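The structure appears below as structure tokens.
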Amino acid sequence: QVQLVESGGGLVQAGGSLRLSCAASGNIFRFDTMGWFRQAPGKQRELVASITSGGSTNYADSVKGRFALSRDAAKNTMYLQMNSLKPEDTAVYYCNGERVVSVEGARARYWGQGTQVTVSS
């Protein structure tokens with residue numbers, strides 16, 4: 001089974017930076033889309049950023065200009081570079097991968113275990 005293993009979370013002061021890593025057990029390019037979601041206490045899980053197998057990226061408005069996705073094909077790893085962190089970025093961050101599994105377009109979704117990011121002021 002596909003496994004996604006996250007690392008890089010931690011405690012950082014506002015204005016600081018963190019880089020999250022998501023290592024996949026298989027070829028990350030088998031996913032149509034990979035991305036990062038986050039969930040803060042009392043809030044719904046939200047999409048932070050995503051990248052397609054072709055390299056097209058999308059970012060939530062709240063993180064544009066501050067966060068950047070990248071991939072290392074040799075390591076089957078996706079990264080989320082987070083700069084200029086704000087307290088509102090505090091959340092559990094989850095790695096996600098999706099792929100089509102049927103001709104009708106049904107999609108399989110895979111999740112990492114989550115990593116805590118805490119930004120202090």
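Keep in mind that what you see is a predicted model, and the values were worked out from it rather than measured. Side chains are part of it too, since the values below use all heavy atoms of this structure and drop only hydrogens, waters and symmetry mates.
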Salt bridge (charged side-chain N to carboxylate O under 4.0 Å, His left out) partners of Lys86, counting only residues at least two apart: none

Euclidean distance, Met34 CE relative to Leu4 CG, rounded to 0.5 Å: 5.5 Å

Say you draw a straight line from CG of Leu18 to CG of Asn83; how long is it, rounded to the nearest 0.5 Å? 9.5 Å

Hey, is CD on Gln116 packed in by over 12 heavy atoms from elsewhere, all under 6.0 Å? yes

Linking I/L/V/M/F/W/Y whenever their side-chain heavy atoms sit closer than 4.5 Å, directly or via other members, would Phe31 and Tyr94 fall into one cluster? no

Heavy-atom pair of closest approach, residues Tyr59 and Phe67: CE2-O, 3.4 Å

Can you give the donor-acceptor pairs under 3.5 Å from side chains of residues 45-55 to other protein atoms, not counting sequence neighbours?
{"unit_1": "Glu46", "atom_1": "OE2", "unit_2": "Arg38", "atom_2": "NE", "d": "2.8"}
{"unit_1": "Glu46", "atom_1": "OE2", "unit_2": "Arg38", "atom_2": "NH2", "d": "3.4"}
{"unit_1": "Thr52", "atom_1": "OG1", "unit_2": "Gly54", "atom_2": "N", "d": "3.3"}
{"unit_1": "Thr52", "atom_1": "OG1", "unit_2": "Gly55", "atom_2": "N", "d": "3.4"}
{"unit_1": "Thr52", "atom_1": "OG1", "unit_2": "Ser56", "atom_2": "N", "d": "3.1"}

Minimum heavy-atom separation for Ser17 to Ser84, with atom names? OG-N, 4.3 Å

To the closest 0.5 Å, what do you measure between OH (Tyr79) and OG (Ser7)? 8.5 Å

To the nearest 0.5 Å, atom CZ of Phe37 lies from atom CD of Gln44 at 12.5 Å

Which is it for Gln81 and Ser70 under the side-chain contact (heavy atoms from CB on, under 4.5 Å) test, yes or no, and what are the steps along the way? CA-CA 8 Å; Gln81 179 66 46; Ser70 62; over 6 Å; no

Ser21 and Thr77: which non-hydrogen atoms are nearest, and at how many Å? CB-CG2, 4.2 Å

Measuring only between side-chain heavy atoms, which start at C-beta, is Tyr110 closer than 4.5 Å to Asn96? no

For the residue pair Trp36 and Cys95, establish whether any side-chain heavy-atom pair is separated by less than 4.5 Å. yes

Could you tell me the separation between the OG atom of Ser62 and the CG atom of Asp89, rounded to the nearest 0.5 Å? 7.0 Å

Decide yes or no for Phe29 and Arg71: does some side-chain heavy atom of the first lie under 4.5 Å from some side-chain heavy atom of the second? yes

Hey, what do you get for OG (Ser120) to CG (Leu85), rounding to the nearest 0.5 Å? 10.0 Å

Do Met82 and Val117 have side chains that approach each other closer than 4.5 Å (heavy atoms only, starting at C-beta)? yes

Heavy-atom side-chain contact between Leu20 and Thr115 under 4.5 Å: yes

Trp111 with Tyr93, same ILVMFWY side-chain cluster at under 4.5 Å: no

For Asp32, the option from Arg109, Arg99, Arg107 that meets salt bridge (charged side-chain N to carboxylate O under 4.0 Å, His left out): Arg107

Heavy atoms only: give me the nearest Ala14-Ser121 pair and the separation to one decimal. CB-CA, 4.2 Å

If only atom types and distance count, is the side chain of Gln39 paired as donor or acceptor with the main-chain N or O of Val92 below 3.5 Å? no

